[in-house]
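Chain identifiers are assigned alphabetically (A, B, ...) following the order of the sequence lines, protein sequences preceding nucleic acid strands; residue numbering begins at 1 within each chain.
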Amino acid sequence: MPDEDERVIRPGFNARVYEVVRRVPAGRVTTYGDVAAVLGSPRVARQVGFALAALADDDVPWHRVINARGAISVRGDTARCVLQQALLEQEGVVFDAAGRVDLSTFRWRPEDD
DNA sequence: GGTTTGACCATAA
DNA sequence: CTTATGGCCAAAC
C-alpha cells in the first residue's frame, strides 16, 4: 500500500501546487482549475489559490497562474495583481484592454512539458 | 475534531 | 455583457 509519494512533501496539497507551478515555462500562463485538475480534482481550484496565497518561495512563478477567465484575481490585495501583470508582460504575455490574457494562446498544459 | 474561510468555477437570471 | 448563488476540497482557527 503506497502511502509514500515520489517526493513526500509535508504539507501535501500546497506543495503539489508549487511543483506544478514550477513547471510552467516563462511566457505562458495556467489556470487554477488546470493546476487543480493536474493534482487530481478540478474542484480544488480554490485550494490552489489558497496555497499560492501562503506562498513565500521565490522559486515558484505564482504570477503565471491566473483564473479561468484569463484575468488576474484580486481578493483584497490589489498590489499583487499589478505586480503579477507586470511580471507576465516582462515574460512576453500580452494583456488586452480589459486586462485579460488570451488563454487560447498563452494557456499551458502539463502535456506540453 | 467541528467550524470558517478562501488568489475558484460553473450555471442561472 | 454583469451580478448572484451553490459547490467543492483542503488548510487554518
* SB check A/R28 A/E91 (cutoff 4.0 Å) -> no
* Can you check the A/F13 CZ to B/dG6 C1' distance for me, whole Å? -> 13 Å
* Asked: Is there a side-chain contact between A/I72 and A/N67, using heavy atoms and a 4.5 Å cut-off?
  -> no
Could you list the donor-acceptor pairs under 3.5 angstrom formed between side-chain atoms of residues 29-38 of chain A and any protein atom two or more places apart in sequence or on another chain?
residue, atom, partner, partner atom, Å
A/T31, OG1, A/D34, N, 3.1
A/D34, OD1, A/R107, NH2, 2.6
A/D34, OD2, A/R107, NE, 2.7
A/D34, OD2, A/R107, NH2, 2.8

* **All salt bridge (Lys or Arg N to Asp or Glu O under 4.0 Å) counterparts of A/R46, not counting sequence neighbours** => none
* **Summary of protein contacts for nucleotides 7-13 of chain B, nucleotide by nucleotide, where a base hit scores B, a sugar-phosphate-only hit scores S (4.0 Å, heavy atoms)** => BBS----
* Is a salt bridge present between A/R16 and A/E19, judged by a nitrogen-to-oxygen distance below 4.0 Å? -> no
